[in-house]
Number of protein chains: 2
Amino acid sequence: MDAELRDRWLDHAQQQMTEAGRRSGAARTAVLTLLANEGQCLLTAQEITDRLRRAGAGSTASVYRIIDDLHQLGLLHRFDGGDGVARYEIADPEHHHHHLVDDRSGRVEPFTDERLERAIHDVADRLGVELTGHDVILRGHRRSAAD
Amino acid sequence: MDAELRDRWLDHAQQQMTEAGRRSGAARTAVLTLLANEGQCLLTAQEITDRLRRAGAGSTASVYRIIDDLHQLGLLHRFDGGDGVARYEIADPEHHHHHLVDDRSGRVEPFTDERLERAIHDVADRLGVELTGHDVILRGHRRSAAD
DNA sequence: TTATATGCAAAAGCTTTGCATGGGT
DNA sequence: ACCCATGCAAAGCTTTTGCATATAA
């Protein structure tokens with residue numbers, strides 16, 4: 001689904017990596033392809049490595065190195081959960097969103113809100129800050145009839 | 001400064017810990033006192049342990065265990081920075097705030113904004129979520145004349 | 001007295017680094 | 001041909017756990 005977004009990110013990422021002076025190897029190709037296909041949903045380095053291994057390419061070290069490059073180039077967003085494991089998802093300005101963490105199941109759900117975005121940019125203005133990024137994390141659980 | 005807030009948090013924390021069925025030991029007393037005095041500013045477990053050791057009380061294990069208890073009781077807020085180290089600060093409803101991280105110096109600065117809070121609660125309502133917590137992290141740098 | 005807190009040391013888990021090798025340009 | 005990317009293994013770091021001892025209640 002949304003093959004256009006996927007390809008757009010992939011193309012952009014490869015171009016950026018090349019421009020940054022990096023060469024294209026088997027591991028990098030595999031990571032980029034995997035992320036382009038299912039990188040919308042917060043993956044850990046471990047998960048990425050496991051999936052690549054099953055496909056016969058990619059090692060722990062390479063995955064961490066590639067992820068790091070992508071993150072530094074702004075192609076990947078990093079999400080530091082409360083469990084000491086970093087999670088990543090592809091960064092696409094057109095699909096900007098935040099995260100709601102269910103405090104019972106640990107499940108993470110994305111959401112967007114225009115007013116929230118406006119409030120954030122206004123605060124940055126008020127503080128005289130040139131914003132390069134922002135994260136919002138909501139913790140809670142679905143309201144049931146009992147609540 | 002703000003001795004009242006300090007004492008209020010300290011009293012509240014000790015009471016909560018006792019109600020949770022915990023006993024008061026040397027390490028716990030030392031950690032609570034330290035946090036009450038300088039826990040407004042995001043400390044790592046390492047930093048807390050170091051300061052306690054200098055005072056002759058507290059070990060790595062105890063600090064982590066105590067911090068964990070406090071966090072679970074909602075007496076401490078946890079901040080997962082992008083460097084794989086957790087930072088904590090005392091939780092006081094009257095001093096709710098968010099964080100601005102300078103992407104050049106790494107410095108962290110607290111800020112508050114009413115409209116941002118309202119937007120957050122509205123989003124939670126829209127999602128049908130009972131909010132138990134939320135975090136906002138802004139990344140950027142002070143706007144200079146050059147920007 | 002009895003259960004809990006403490007502290008040391010060891011273990012665990014995620015992430016990074018060193019180094020030899022293969023592969024891109 | 002040159003240099004970077006890769007992968008394995010080892011090291012590094014933060015955080016957790018096991019266990020004997022000290023201590024609060």
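Protein chains get the first letters and strands the later ones, always in sequence-line order, with residue 1 at the start of each.
Atom C1' of nucleotide C/dT4 and atom CD of B/Glu19 are separated by 18 Å, given to the nearest angstrom. Distance CE (B/Met17) to C1' (C/dT4): 12 Å, rounded to an integer number of Å. As rounded to whole Å, 14 Å separates atom P of C/dA5 from atom CD of B/Gln14. Rounded to a whole Å, the NE2 atom of A/His71 is 15 Å from the C1' atom of C/dT15. Following rounding to the nearest Å, A/Asp69 (CG) and C/dT17 (P) show an atom-to-atom distance of 12 Å. The distance from atom CG of B/Asp83 to atom P of D/dC13 is 14 Å, rounded to the nearest whole Å.
Within the 3.5 Å criterion, the main-chain N or O of A/Thr60 finds no donor-acceptor partner in the side chain of A/Thr49.
Judged as a salt bridge (Lys or Arg N to Asp or Glu O under 4.0 Å), the pairs with a partner in residues 82-101 of chain A (not counting sequence neighbours) are, in order, A/Arg8-A/Asp92, A/Asp83-A/Arg87. Listed by first and then second residue, the salt bridge (Lys or Arg N to Asp or Glu O under 4.0 Å) pairs that reach into residues 43-64 of chain A are A/Glu38-A/Arg51, sequence neighbours excluded. Every pair passing salt bridge (Lys or Arg N to Asp or Glu O under 4.0 Å) that includes a residue from residues 15-26 of chain A is listed here, sequence neighbours excluded: A/Arg22-A/Asp69.
B/Phe79 pairs by the ring-ring contact (aromatic ring centres under 6.0 Å, His included) definition with B/His99, not counting sequence neighbours. Not a single ring-ring contact (aromatic ring centres under 6.0 Å, His included) links A/Tyr64 to another residue, sequence neighbours left out. Shown here are the ring-ring contact (aromatic ring centres under 6.0 Å, His included) partners of A/His121, two or more places apart in sequence or in another chain: A/His134. Scanning for ring-ring contact (aromatic ring centres under 6.0 Å, His included) contacts around B/His71 gives an empty result, with sequence neighbours left out. Shown here are the salt bridge (charged side-chain N to carboxylate O under 4.0 Å, His left out) partners of B/Asp125, two or more places apart in sequence or in another chain: A/Arg143.
Each end of the helix from C/dT1-D/dA25 to C/dT25-D/dA1 gets its own rotation axis from five pairs of C1' atoms, and the angle between them is 30° to the nearest 10 degrees.
The residue among B/Ala86 and A/Gly21 whose nearest nucleotide of DNA chain D is located toward the 5' end is A/Gly21. Each of B/Tyr88 and A/Ser62 was assigned the nucleotide of DNA chain D with the nearest heavy atom; the assignment lying further toward the 5' end belongs to A/Ser62.
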With 3.5 Å as the limit, what N/O pairs link the protein to nucleotides 16-25 of chain D?
unit_1: D/dA24; atom_1: N3; unit_2: B/Arg23; atom_2: NH1; d: 2.8

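In the hydrophobic clustering, B/Leu34 connects to B/Trp9, B/Leu10, B/Met17, B/Val31, B/Leu32, B/Leu35, B/Leu43, B/Ile48, B/Leu52, B/Val63, B/Ile66, B/Ile67, B/Leu70, B/Leu73, B/Leu75, B/Leu76, B/Tyr88, B/Ile90, either directly or through intervening members, whenever side-chain heavy atoms lie under 4.5 Å apart.
The stretch residues 27-53 of chain B comes close to DNA chain C through B/Ala27, B/Arg28, B/Arg53, each having a heavy atom under 4.0 Å from the strand.
Here the closest non-hydrogen pair linking B/Arg78 and A/Gly82 is NH2-O, 2.9 Å.
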